**Student:** 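Okay, here's the structure, questions in a sec.
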Number of protein chains: 2
Amino acid sequence: MHELLYKKITEIISISEEEFNFCKTLFVPKKLRKRQFLLQEGDVCKYTTFVTKGLLKSYTIDNKGTEHILQFAFEGWWIADLYSFLTEQASLFNIEAIENCELLLITKFSREQLLNKVPSFERYFRILVENNLIATQKRLMGNLSETAEEKYTNLINNFPGCIQRIPQHMIASYLGITRETLSRIRSQIATRK
Amino acid sequence: MHELLYKKITEIISISEEEFNFCKTLFVPKKLRKRQFLLQEGDVCKYTTFVTKGLLKSYTIDNKGTEHILQFAFEGWWIADLYSFLTEQASLFNIEAIENCELLLITKFSREQLLNKVPSFERYFRILVENNLIATQKRLMGNLSETAEEKYTNLINNFPGCIQRIPQHMIASYLGITRETLSRIRSQIATRK
DNA sequence: GTAATCGCGTGATTTAGATCAATACAATTT
DNA sequence: AAATTGTATTGATCTAAATCACGCGATTAC
């Protein structure tokens with residue numbers, strides 16, 4: 001159950017078996033059915049979540065009722081509302097299972113314990129968040145400069161797997177375009193070939 | 001010269017006088033004239049920069065020749081091409097002085113030394129990058145959901161100072177709209193009052 | 001087993017913002 | 001003092017993508 005967690009951590013830092021055994025005790029396992037919420041807007045995000053199985057999305061609903069997806073999280077990824085988790089303020093995001101999921105949750109308090117007892121985790125989480133920032137900056141710049149079609153083709157080049165598992169209307173919402181536009185783009189690309 | 005740096009660091013972590021004295025030795029001071037480059041696209045970003053005076057921007061130029069601004073950096077802020085700095089790959093961004101600047105530069109190597117000798121800096125940089133990620137996520141979501149006018153009014157609400165110091169066409173470029181659109185929005189807002 | 005919801009495609013129309021173009025007037029540079 | 005460059009405005013036109021609207025299989029629910 002914790003193999004993937006161990007694998008992902010040791011890709012970035014080295015830890016001893018004892019340290020990982022301690023680490024394991026701090027996580028709470030949780031299963032989620034498709035369409036269930038891990039977090040709802042307005043609640044405080046009490047956990048940072050590691051995905052061992054399945055797929056989730058974090059998103060907001062704007063004042064017109066449109067969904068905007070911040071992140072997808074596949075197996076081996078982390079997901080949380082970082083702002084809410086760190087400040088313990090009401091969350092701005094929803095986190096919802098796209099597929100049935102198996103998760104490992106860690107509270108802010110437990111994470112602090114981990115950081116104190118195994119200081120190399122300070123480095124681990126710094127690097128995680130650095131990589132996330134780099135990816136988010138890239139996505140932001142892409143959004144400012146690319147056409148709808150470029151956004152889509154770049155996405156499928158960077159994450160070829162996602163088209164198999166994520167419904168089109170969610171991909172559209174992640175890209176910041178409508179489902180109709182994405183549908184038209186896809187048929188254009190198909191006929192061009 | 002290092003007072004602002006000291007102030008900003010100790011807002012987040014506690015360090016001793018010796019530790020800060022060691023820290024100081026790792027930074028190289030640099031002055032930059034308005035329009036000078038701190039980094040040019042294609043070069044490796046060798047430094048993370050702390051701004052003690054002045055104002056800079058990081059930006060890309062897309063294939064149509066349009067400038068897209070990732071970040072402004074005022075006094076007390078940090079700026080770098082994080083991807084290039086961490087991976088030592090060619091930079092995707094330019095960093096350029098908007099005003100005459102006084103800067104403190106630290107190399108990746110010196111930063112590693114600092115992290116090793118004063119481990120609480122691990123925490124400092126983690127928190128910096130966490131806050132940056134939260135802000136970038138917020139900006140991204142805003143870009144997906146807001147109109148041009150909303151983007152502008154949110155910006156001036158969050159950073160009232162920026163309109164005084166940043167030319168309008170750069171604000172437009174930061175918001176992902178054209179100077180003409182921003183100009184029209186401003187005159188609409190003005191006549192509405 | 002049939003009603004309801006979900007996911008996708010496609011056509012007609014609208015619109016926010018881009019693009020193209022001309023002007024004005026600082027602020028620098030020479 | 002003249003020339004150049006940077007910054008902002010305002011008008012006319014265009015266009016990429018949104019919106020509105022409908023049909024139609026595939027799942028899911030009761």
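In what follows, every chain begins at residue 1, and chains take the letters A, B, ... in the order their sequences are listed. Hydrogens, waters and symmetry mates are skipped; everything else that's a heavy atom, side chains included, is used. It should be emphasised that the depicted structure is a prediction, and the values quoted were computed from it without experimental measurement.
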**Student:** Do side-chain atoms of A:Gln71 reach the backbone of A:Trp78 as a donor and acceptor pair under 3.5 angstrom?
**Tutor:**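 Yes, A:Gln71 side chain to A:Trp78 backbone: donor-acceptor pair under 3.5 Å.
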**Student:** Ignoring backbone atoms, establish whether A:His169 has a side-chain N or O less than 4.0 Å from OP1 or OP2 of C:dC6.
**Tutor:**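 For C:dC6, neither OP1 nor OP2 has a side-chain N or O of A:His169 closer than 4.0 Å.
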**Student:** Can you measure A:Gln188 atom CD to D:dA16 atom P for me and round it to whole angstrom units?
**Tutor:**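 Taking atom P of D:dA16 as the reference, CD of A:Gln188 is at 10 Å.
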**Student:** Assess whether atom NZ of B:Lys46 is packed by more than 12 heavy atoms of other residues, nucleotides or ligands within 6.0 Å.
**Tutor:**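 No, NZ of B:Lys46 has 12 or fewer neighbouring heavy atoms, counting only those of other groups under 6.0 Å.
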**Student:** In whole angstrom, what separates B:Arg186's CZ from D:dT7's P?
**Tutor:**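 In whole Å, D:dT7 P and B:Arg186 CZ are 14 Å from each other.
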**Student:** Please tell me if the side chains of A:Ile95 and A:Thr49 come closer than 4.5 Å, counting only heavy atoms from C-beta onward.
**Tutor:**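 No; the side chains remain at least 4.5 Å from each other.
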**Student:** In terms of side-chain heavy atoms of A:Arg184, which of D:dA17, C:dA18, C:dA12 is nearest?
**Tutor:**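 The nucleotide sitting nearest to the side chain is C:dA12.
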**Student:** To the nearest angstrom, how far is B:Glu99 atom CD from D:dT7 atom P?
**Tutor:**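 Whole-Å distance recorded here is 12 Å.
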**Student:** Think A:Thr181 has a side-chain N or O under 4.0 angstrom from the OP1 or OP2 of D:dA17?
**Tutor:**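 So the side-chain polar atoms of A:Thr181 never come under 4.0 Å of the phosphate oxygens OP1 or OP2 of D:dA17.
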**Student:** Taking the six-membered ring of A:Phe125 as reference, does the NZ or CZ atom of A:Arg111 fall below 6.0 Å from its centre and within a 45° cone about the axis?
**Tutor:**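 Checked: cation-pi criterion met.
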**Student:** Take the protein atom CD1 of B:Ile163 and the nucleotide atom P of D:dA8, then report the distance between them rounded to whole Å.
**Tutor:**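 Result: 12 Å.
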**Student:** Quickly work out the B:Ile177 CD1 to C:dA16 C1' distance and round it to whole Å.
**Tutor:**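 So the two atoms are 11 Å apart, to the nearest Å.
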**Student:** Starting at atom CZ of B:Arg179, determine the distance to atom P of C:dG17, rounded to an integer number of angstrom.
**Tutor:**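 From B:Arg179 CZ to C:dG17 P: 17 Å.
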**Student:** Please pick, from C:dT10, C:dT28, C:dG7, the nucleotide with the shortest atom-to-atom distance to any side-chain atom of B:Lys34.
**Tutor:**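 So the side chain of B:Lys34 is nearest to C:dT28.
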**Student:** Rounded to whole Å, please give me the gap between CE in B:Met170 and C1' in D:dG6.
**Tutor:**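 Going from CE in B:Met170 over to C1' in D:dG6 covers 10 Å.
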**Student:** A:Ser183 side chain: which of C:dG9, C:dG17, C:dG7 is closest?
**Tutor:**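 Of all the options, the side chain of A:Ser183 is nearest to C:dG9.
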**Student:** Does any non-hydrogen side-chain atom of B:Leu128 lie less than 4.5 Å from one of B:Asn132?
**Tutor:**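 They are not in side-chain contact.
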**Student:** Compare the minimum distances between each of C:dT28, D:dA8, D:dA21 and the side chain of A:Glu180, then state the nucleotide with the smallest one.
**Tutor:**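 In terms of side-chain proximity for A:Glu180, the closest of C:dT28, D:dA8, D:dA21 is D:dA21.
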**Student:** Whole Å only: how far is the NZ atom of A:Lys64 from the P atom of D:dA17?
**Tutor:**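 In whole Å, D:dA17 P lies 17 Å from A:Lys64 NZ.
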**Student:** Using only modelled atom types and a 3.5 angstrom limit, is any donor from either the side chain of A:Gln168 or the base of C:dC6 paired with an acceptor on the other?
**Tutor:**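 For A:Gln168, whose side chain was compared with the base of C:dC6, there is no donor-acceptor pair (under 3.5 Å).
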**Student:** Choose from D:dT7, D:dA18, C:dG9 the nucleotide whose nearest atom is closest to any side-chain atom of A:Thr178.
**Tutor:**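 When the side chain of A:Thr178 is considered, D:dA18 is the closest of D:dT7, D:dA18, C:dG9.
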